[in-house]
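Here the structure is a predicted model, which is why all the values come from computation and not from measurement. Every heavy atom of this structure was used, including side-chain atoms; hydrogens, water molecules and symmetry mates were not.
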Amino acid sequence: MIRPLIWKEWHEQRWKLAFGTVMLASFTWSLLAARLTTDREVVVVVWILGALILSLYSAMGVFAPERTAKTAAFLSSKPVSSRKVFFCKWFFGWLNFAVPLLVCCLGLAVSLLVQPQGRYFDIGFIARGTLGAICVGTVFYSMTCCLAPRKSGEALTGFVGLMILLAMFIHVFLMETIVPIRLYPIEEPGILEEVASFINPIFWMHFIKPIPGCSSRLSILFVEQTILLLFCMWLGKRKWQRSS
């Protein structure tokens, strides 16, 4: 039964994947061609849109439609474990923002190789930023679709995602003003400051600009974000099992 489940999810999510890829790629090349700002700033904007907007849009259409259409019980009646159903749905929803980001990354890399003159970024910058954006989107996407109320529809799931996004930006503001730590601080922060900051997925963007001696900071970030992701996945799986 796993193959029909994969086909079902692919059939339902493929148009979102295609739509997100076309829109993000079109937006990227339009901004680059318009020359409204520097290439680096355009790429950062693309990462933000892909990691936050596309992931929020994808999270709204993963589990909520099954509850709205009351098909969760139908899926649970099939000879496949609810755990596999949950992870299959989560994975195809994850592709909806990860693939567009990767496609834009490859397109930017090709354009850089073909015409390196006048570009304000390099291959390393593109690779690090895309990895950071995918990590931000993965955690934010998982938080949105897994922390939403058990029987929430698309609208409520989107509202929960917006509240999480607002909390993330408020947290960044507090870290910038109250606690002496920033995305790229001048002085090395203390361990407590790092722990307080790295609970926020936004700080995955440390990957954009490598900082000498920051390997320990990235380790703390990785551990905290992995724990947060696993907790969200565990909670989401439990909610899915209860609703199905």
For the pair Y57 and W15, name the ring-plane relationship: parallel under 30°, tilted 30 to 60°, perpendicular over 60°.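 It falls in the perpendicular class, over 60°.
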W204 and F222 aromatic ring geometry - parallel, tilted or perpendicular at 30°/60° bounds: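 The rings of F222 and W204 stand perpendicular, inter-plane angle above 60°.
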Following the transitive rule for hydrophobic clusters with a side-chain heavy-atom cut-off under 4.5 Å over Ile, Leu, Val, Met, Phe, Trp and Tyr, establish whether [X] and [Y] coincide in one cluster.
| X | Y | result |
| --- | --- | --- |
| V99 | W10 | yes |
| L230 | F198 | no |
| I53 | L166 | yes |
| I164 | F169 | yes |
| Y141 | I227 | no |

For W94 and I134: C-alpha separation, side-chain torsions, deciding distance, then whether side chain to side chain contact (heavy atoms under 4.5 Å, CB included) applies. CA-CA 9 Å; W94 177 81; I134 291 177; 4.0 Å; yes
How long is the straight-line distance from [atom2] of [Y] back to [atom1] of [X], given to the nearest 0.5 Å?
| X | Y | atom1 | atom2 | value |
| --- | --- | --- | --- | --- |
| I48 | L54 | CD1 | CG | 13.0 Å |
| L229 | F140 | CG | CZ | 14.0 Å |
| L221 | N200 | CG | CG | 9.5 Å |
| C146 | F231 | SG | CZ | 10.0 Å |
| L52 | I202 | CG | CD1 | 5.0 Å |
| R3 | I6 | CZ | CD1 | 8.5 Å |

State whether the number of non-hydrogen atoms from other residues, nucleotides or ligands found under 6.0 Å of M23 atom CE is greater than 12.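 Result for CE/M23: open.
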On a heavy-atom basis, which atom in [X] and which in [Y] lie closest, and how many Å separate them?
| X | Y | value |
| --- | --- | --- |
| T144 | V160 | O-CG1, 4.4 Å |
| G137 | S55 | O-CB, 3.8 Å |
| C232 | S142 | CB-O, 4.1 Å |
| V46 | L101 | O-CD2, 4.2 Å |
| F125 | W47 | O-CH2, 3.4 Å |
| L235 | L147 | CD2-CD2, 3.5 Å |

Is there a donor-acceptor pair under 3.5 Å between the side chain of [X] and the backbone N or O of [Y]?
| X | Y | value |
| --- | --- | --- |
| Q13 | G61 | yes |
| K89 | E9 | no |
| S58 | G93 | yes |
| T130 | A127 | no |

Is any side-chain heavy atom of [X] less than 4.5 Å from a side-chain heavy atom of [Y]?
| X | Y | answer |
| --- | --- | --- |
| M143 | L228 | yes |
| F203 | E224 | no |
| I199 | H171 | yes |

Given side chain to side chain contact (heavy atoms under 4.5 Å, CB included), test V45 with F27 step by step and report yes or no. CA-CA 10 Å; V45 169; F27 184 79; 3.9 Å; yes
Counting the benzene-type ring for Trp, do F63 and W90 have ring centres under 6.0 Å apart?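 Ring centroids of F63 and W90 are no less than 6.0 Å from each other.
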Walk me through it: do F92 and C88 pass the test side chain to side chain contact (heavy atoms under 4.5 Å, CB included)? CA-CA 6 Å; F92 278 95; C88 183; 3.7 Å; yes
May I have the step-by-step check of side chain to side chain contact (heavy atoms under 4.5 Å, CB included) for M168 and V172, ending in yes or no? CA-CA 6 Å; M168 287 166 54; V172 171; 5.7 Å; no
